[in-house]
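All values below were derived from every heavy atom in this structure, side-chain atoms included, with hydrogens, water molecules and symmetry-related copies excluded. By convention here, the first residue in the shown sequence is residue 1.
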Amino acid sequence: MVTYRNIYAAVLEELVTDPLVDADDIEVEVVSGAVSLTGTVPSQPQCAAATAAVWRVAGVTAVDNLLAVALPSGPPAGG
């Protein structure tokens, strides 16, 4: 049987083990199979990869990706 805890644990596992996703600043919420992602990732491709990772989990019925792309801070390139 697929439960909230199963989905939550599986989503976290997918995010952490996906080499395309930096899951350090991602929060996950699951309500009736619908998964919400909040927090930040360093790039748009990682944002998309996080959504793809969630969809790989059995029992997920919807994904609401609310992740913000937070570009790394540092000195400007070429300067």
Side-chain angles (χ1 to χ4, degrees):
M1 179 165 86
V2 178
T3 66
Y4 154 80
R5 289 179 193 228
N6 297 111
I7 294 172
Y8 180 81
V11 166
L12 288 180
E13 182 70 18
E14 282 292 327
L15 291 171
V16 169
T17 60
D18 189 318
L20 301 177
V21 178
D22 177 357
D24 291 344
D25 294 318
I26 297 177
E27 298 292 325
V28 175
E29 183 178 351
V30 180
V31 177
S32 299
V35 177
S36 294
L37 302 176
T38 56
T40 59
V41 290
S43 70
Q44 185 59 41
Q46 286 195 38
C47 188
T51 298
V54 173
W55 277 119
R56 290 193 295 266
V57 174
V60 170
T61 59
V63 179
D64 190 12
N65 186 334
L66 302 172
L67 293 171
V69 175
L71 300 175
S73 60

Task: Residue pair Leu20 / Asp18: nearest heavy atoms and the distance that separates them - done: N-OD1, 2.7 Å
Task: Trp55 with Val21, same ILVMFWY side-chain cluster at under 4.5 Å - done: yes
Task: Shortest non-hydrogen contact between Leu15 and Ala53, atoms and distance - done: CD2-CB, 4.1 Å
TODO: Might you point out which heavy atoms bring Gly59 and Ile7 nearest each other, and give the distance in Å?
DONE: O-CD1, 3.5 Å
Validation: residues 23-46 side-chain donor-acceptor distances under 3.5 Å, sequence neighbours left out:
| from | atom 1 | to | atom 2 | distance (Å) |
| --- | --- | --- | --- | --- |
| Ser43 | OG | Gln46 | N | 3.3 |
| Gln46 | OE1 | Asp22 | N | 2.7 |

Open item on the list: Please find the pair of heavy atoms, one from Cys47 and one from Asn65, that lie closest to each other, and give the distance.
Closed with: O-ND2, 3.0 Å
Task: Thr61: partners by side-chain hydrogen bond (donor to acceptor under 3.5 Å, both in side chains), with sequence neighbours left out - done: none
